[in-house]
Amino acid sequence: MSGACRPVIGLPVQRRTPDDGLLSLAPAYVDALVRAGAAPLVLPLLGADAAAPLLALCDGFLLTGSVADVHPRRYAGPDAAIPDGGYCDRERDALDWAVLDHAAAADKPVFGICRGCQAMNVYRGGTLAWRINERWPDAAVEHMRSDERAGLVHAISWEKGSRLAARMPAPEQGVNSLHRQACDRVASSLRVAAIGEDGVVEAIEDVRRPDRFFAVQWHPELLAGGDTPAAAASRALFEHFVSACRAPRGA
Ligand SMILES: [Mn+2]
């Protein structure tokens, strides 16, 4: 594929701890985008004003995962505080919101992964479970399995009738799981596209334009190698996204 055909995909970095002196981005995101035919543009943590000229260069956005959780005041009321031991990054929140504002105004596709999925739900008016284990104490699955970053640690089912289900090679699959949070109330403009074996939301998509606004709670960029069904599904997600970024806007 020639470079001219590659859509430019903006993707934000993260700051892994409040005093981290390095911004970071897992190279698997970049690799998966390149393999799917895109040209990744790494976005440093910028406010909306400084980010605007960079966002304008992009044909779509991959909202990446992050150790930092979305600040609860964005979904639990203006007085909501960060629970003890929590970590939120005001600059990453600001960049994600700038990306989502720009994408909405310019009709550019957004694909969210992990925290990206959570941010997209909150942006549309949904809420998050701050800690899955506290919100649903009886949940049978441990969703923070950083010991198995590329392991298939729980099953998901794609929701019949969702657009993502139609793009996936199989109705069920195994996924990795590196999250402590999950969507709680899904925004009314979104729908659940995949659900975990314990009922936790594992993918969402826009009701009206599902090809241009969708997200998964797991990490397909870490599973995209190999020839397992989960690898095929992971590649299909990136290919589906890059193809949406090539489609005409406003269609
Ligand atoms: Mn999970």
Side-chain angles (χ1 to χ4, degrees), residues 14 16 26 28-29 32 62-70 72 75 83 85-88 96 110-124 126-160 162 164-165 167-187 190-205 213-226 228-238 240-241:
Q14 67 158 323
R16 296 182 56 86
Y29 292 114
L62 174 62
L63 277 193
T64 53
S66 170
V67 176
D69 292 317
V70 175
Y75 56 93
Y87 164 45
C88 301
D96 281 6
V110 185
F111 172 25
I113 291 178
C114 198
R115 174 209 152 90
C117 177
Q118 296 154 11
M120 289 162 74
N121 184 44
V122 171
Y123 181 78
R124 289 292 187 85
T127 65
L128 303 180
W130 174 258
R131 291 293 175 261
I132 293 169
N133 295 342
E134 291 166 14
R135 176 70 176 81
W136 299 289
D138 297 330
V141 172
E142 171 53 54
H143 286 271
M144 180 47 100
R145 290 294 305 278
S146 40
D147 56 320
E148 289 273 12
R149 297 181 64 78
L152 305 181
V153 301
H154 70 74
I156 63 164
S157 316
W158 294 100
E159 290 283 285
K160 219 171 167 209
S162 71
L164 285 177
R167 297 284 185 269
M168 292 298 115
E172 295 178 9
Q173 65 172 98
V175 295
N176 52 0
S177 196
L178 295 162
H179 57 118
R180 294 187 178 88
Q181 299 204 324
C183 295
D184 192 342
R185 182 170 50 74
V186 172
L190 305 175
R191 67 186 168 215
V192 175
I195 197 125
E197 60 190 87
D198 58 353
V200 165
V201 172
E202 289 279 343
I204 52 175
E205 63 184 23
F213 195 92
F214 62 91
V216 298
Q217 185 57 69
W218 44 290
H219 280 270
E221 79 283 4
L222 297 175
L223 298 180
T228 62
S234 299
R235 289 193 296 272
L237 280 169
F238 280 94
H240 175 46
F241 170 58

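As a basis for the values below, the full set of heavy atoms in this structure was taken, side chains included, without hydrogen atoms, waters or symmetry mates. Computed from a predicted model, the values in this text were never measured in an experiment. When a ligand or atom number is given, it counts from 1 through the structure's own listing order.
Cation-pi geometry between R124 and F213 is met: the NZ or CZ atom falls under 6.0 Å from the ring centre, inside 45° of the normal.
The Mn ion (ligand 1) has H143 ND1, H154 NE2, S177 OG, H179 NE2, E202 OE2 as protein N, O or S atoms under 2.8 Å away.
Residues that satisfy the salt bridge (charged side-chain N to carboxylate O under 4.0 Å, His left out) test with E221, not counting sequence neighbours, are absent from this structure. Under the rule for a salt bridge (charged side-chain N to carboxylate O under 4.0 Å, His left out), D138 has no partner lying at least two apart in sequence or in another chain. Listed by chain and number, the residues in a side chain to side chain donor-acceptor pair (under 3.5 Å) with H143 are H154, S177, H179, D198, E202 (sequence neighbours excluded).
The distance from the CG atom of N133 to the CE atom of M144 is 10.0 Å, given to the nearest 0.5 Å.
The 12-atom threshold is exceeded at CZ of R131, counting heavy atoms of other residues, nucleotides or ligands nearer than 6.0 Å.
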